[in-house]
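We count ligands from 1, going down the list as the structure has it; atoms in each ligand are counted the same way. Keep in mind the model is a prediction, meaning the values are calculated, not measured. Values reported hereafter were calculated over all heavy atoms of this structure, with side chains retained and with hydrogens, waters and symmetry mates removed.
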Amino acid sequence: MQTDGIFQSTDKAMTRVGLFYFWHEPDYTLDMTPPKILITRLIPDLGLNLVKEHFPTLEVFTADLPPTREQLLEKVRGVDGLLCLLTERIDTELMDAIGPQVKVISSMSVGVDHIDLAEATKRGIPIGNTPGVLTDATADQAFALLLAAARRITEAERFLRAGKWITWCPSLFLGADLHGATLGIVGFGRIGQAVAKRAQGFGLRVIYHDPTAQPAFGSQPAELDDLLRESDFVSIHVPLTQKTKHLVDAEFLSKMKSNAVLVNTARGGVVDQTALYVALKSKRIFAAALDVTDPEPLPMDSPLLELENCIIVPHLGSASKWTRDQMSLLAAQNLIAGLNGERLPHCANPDVYR
Ligand code: GLV
């Protein structure tokens, strides 16, 4: 094991299980140079150990914070396989720094807006992602935020901790009911549908806007304007693309009901935060609950943090133990397949194979 403090390299074809070390047959023979692999953070053991079983020689960035841009540009030079997170911007400059030998870039995320997919496809680099395994965790998070905003949980907890609770009061922290209310889901892919499934149990009527999706879980399709006019809760589940950037802008917010709650577990860039601040401050809408912001982390001087009717948590949609384990496994499987010259099990730019 070599270490330069924050990067650690393994160079033994063995894995420790309990007190024992097992030798593995690596995916290359001893007269071949092992591929150069970089993993940009310490990922869960499930995925990390799988990579080590196949390719014992790899380098892992082990610090708590992501590598700086300079560290990344330096460390990616000459790698054959890169396993990164959504904190790393994989653009033309970075692909130039990696070099033409790279066989795969595998991201431990379902979202790939941090990667220039078109550029990767042009260069023939398959990009791996981790769809499916984080659907339920993210839908749970959307629902947790929806309930927290509807019932003013974080605001009430701050009140209690500040010692302001004198007694039970008929009008203390009145919130919104879910039963009989309408939930509008913008983007009805895997996660949007998992939110609709949960909404059924809460007695919500569900409408969705997504021209490419079929109704599921008792939901009905709607035009965006109709959805905004009718919904008491609006939950965002579209990927961040050039088309969806600032989809939630002043006009979008002006079409929402004044009692409405906006929930965003997709990407911060989908919401124009300045417009959201104005809508929340002026009570144009009732509340917002954000798992994601732009930028991340949200600067501590963001005016959104002054608002009682805005809940913000630090991008935790997939943050459950099982989910992160599974994400690391899919990311490892994509990396291994790419290094072996096989088609990635989960490829975000399938055009690369055309
Ligand atoms: C999380 O936001 C992900 O894209 O995996």
Side-chain angles (χ1 to χ4, degrees), residues 39-44 46-48 61 64-66 82-91 94 104-117 120 126-146 185-195 210 235-248 262-271 273 288-298 311-335 344-350:
I39 301 186
T40 59
R41 295 280 274 291
L42 211 43
I43 62 169
L46 198 63
L48 189 59
F61 187 76
D64 285 339
L65 293 175
L82 175 68
L83 195 158
C84 66
L85 306 188
L86 53 76
T87 40
E88 280 79 61
R89 186 162 39 85
I90 311 294
D91 55 9
L94 198 102
V104 57
I105 297 177
S106 169
S107 181
M108 196 183 109
S109 64
V110 66
V112 284
D113 49 283
H114 56 299
I115 302 177
D116 186 338
L117 281 191
I127 302 295
N129 71 337
T130 64
V133 293
L134 45 69
T135 299
D136 284 314
T138 310
D140 288 348
Q141 178 79 343
F143 237 88
L145 288 172
L146 187 154
I185 299 179
V186 180
F188 207 54
R190 276 182 293 259
I191 299 173
Q193 292 183 30
V195 170
D210 187 334
S235 194
I236 306 296
H237 298 285
V238 290
L240 176 62
T241 62
Q242 275 177 356
K243 232 174 118 191
T244 61
K245 180 146 175 82
H246 288 188
L247 170 74
V248 181
L262 176 78
V263 178
N264 187 13
T265 51
R267 281 292 183 268
V270 177
V271 174
Q273 287 173 186
L290 311 175
D291 186 54
V292 285
T293 59
D294 182 21
E296 290 179 359
L298 188 68
I311 298 174
I312 308 177
V313 294
H315 200 151
L316 298 173
S318 64
S320 75
K321 167 86 176 81
W322 182 89
T323 302
R324 291 281 164 86
D325 280 351
Q326 299 307 312
M327 288 169 72
S328 76
L329 197 57
L330 292 199
Q333 288 166 347
N334 281 330
L335 183 76
L344 309 195
H346 299 284
C347 183
N349 61 338

Less than 3.5 Å apart, any donor N or O on the side chain of S107 or H114 sitting next to an acceptor on the other?
yes
Short version for M327: what comes under 4.0 Å of ligand 1, heavy atoms counted, is side chain
Below 4.0 Å from ligand 1: does a non-hydrogen atom of H315 turn up there or not?
yes
Starting from atom 3 (C) of ligand 1, find the nearest protein heavy-atom neighbour and note its residue, name and distance.
V110 N, 3.4 Å
Working to the nearest 0.5 angstrom, can you tell me the gap between H246 NE2 and L240 CG?
9.0 Å
Tell me the contacting part of V292 for ligand 1: side chain, backbone, both, or neither, using a 4.0 Å heavy-atom threshold, strictly below.
neither
With side chain to side chain contact (heavy atoms under 4.5 Å, CB included) as the test, pick out the partner of I236 among V270, V263, L290, I185.
V270
Contact atoms of ligand 1, heavy-atom distance to L86 under 4.0 Å:
1 (C), 2 (O), 3 (C)
Spacing of D140 atom CG and T323 atom OG1 [to the nearest 0.5 Å]
8.0 Å
Tell me whether G111 has any N or O atom under 3.5 angstrom from an N or O of ligand 1.
yes
Under 4.0 Å from a heavy atom of R267: which atoms of ligand 1 are those, numbered in the order shown and with their elements?
1 (C), 2 (O), 3 (C), 4 (O)
So CZ of R267 and NE2 of H237: to nearest 0.5 Å the spacing works out to 13.0 Å
Knowing that exactly one of N264, L262, T265 qualifies, which makes a side chain to side chain contact (heavy atoms under 4.5 Å, CB included) with L145?
T265
Taking 4.0 angstrom as the limit and counting only heavy atoms of L134, give me the atoms of ligand 1 inside it, by number and element.
5 (O)
